[in-house]
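Beneath this line is the structure, given in structure tokens, with notes to follow.
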Amino acid sequence: MNAPEAQEPTAESVVRSQFEESGLHPSLVPIYTAAVLALHDRESAAKLRQAGFTEAAEHLEPDPAVIAAAFGPQ
């Protein structure tokens with residue numbers, strides 16, 4: 001019988017855990033987690049646009065309000 005495959009942790013769960021372990025106030029963990037992931041998505045969208053995949057980048061581009069809520073306007 002095959003052993004069940006262990007699921008890889010999601011980016012969200014890794015970032016959330018790091019913030020929780022750092023001692024960040026629990027009420028801030030969700031917004032900081034969302035903001036970090038949104039920053040990463042924004043970088044990925046920029047790479048897609050550079051490669052000529054503008055339409056795909058639009059699907060990935062995060063809401064700037066998510067980033068602004070944690071880190072202020074960029």
Side-chain angles (χ1 to χ4, degrees):
M1 183 184 282
N2 292 337
E5 289 185 33
Q7 284 205 326
E8 291 290 319
T10 64
E12 181 178 358
S13 68
V14 170
V15 171
R16 179 180 297 274
S17 292
Q18 291 297 310
F19 280 136
E20 289 170 346
E21 289 175 18
S22 75
L24 182 66
H25 192 279
S27 68
L28 297 175
V29 170
I31 189 63
Y32 273 55
T33 299
V36 166
L37 296 175
L39 286 169
H40 183 266
D41 287 347
R42 187 165 63 180
E43 289 178 7
S44 296
K47 289 177 185 176
L48 283 170
R49 274 191 288 283
Q50 277 185 322
F53 299 106
T54 305
E55 193 172 325
E58 295 306 315
H59 291 285
L60 190 58
E61 188 69 38
D63 180 353
V66 174
I67 298 167
F71 303 118
Q74 298 289 304

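Please read all numbers here as calculations on a predicted model, not as lab measurements.
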Give the minimum heavy-atom separation between Ala45 and Ala57, together with the two atoms involved.
-> O-CB, 3.4 Å
Closest non-hydrogen atom pair between Ala70 and Ala35, with its separation = CB-CB, 3.4 Å
Is the closest side-chain heavy-atom distance between Phe71 and Val36 below 4.5 Å?
-> yes
Give every residue pair that meets the side-chain hydrogen bond (donor to acceptor under 3.5 Å, both in side chains) criterion with at least one member in residues 45-58, sequence neighbours excluded.
-> Arg49-Glu61
CD of Gln18 to OG1 of Thr33, rounded to nearest 0.5 Å, is 10.5 Å
Please round to the nearest 0.5 Å and tell me the distance separating atom CG of Asp63 and atom CG of Asp41.
-> 11.5 Å
Of Val15, Val66, Thr10, Ile67, which meets side-chain contact (heavy atoms from CB on, under 4.5 Å) against Leu37?
-> Val15
Answer yes if Leu39 and Leu60 sit in the same cluster of Ile, Leu, Val, Met, Phe, Trp and Tyr residues linked by side chain heavy atoms under 4.5 Å apart, and no otherwise.
-> no
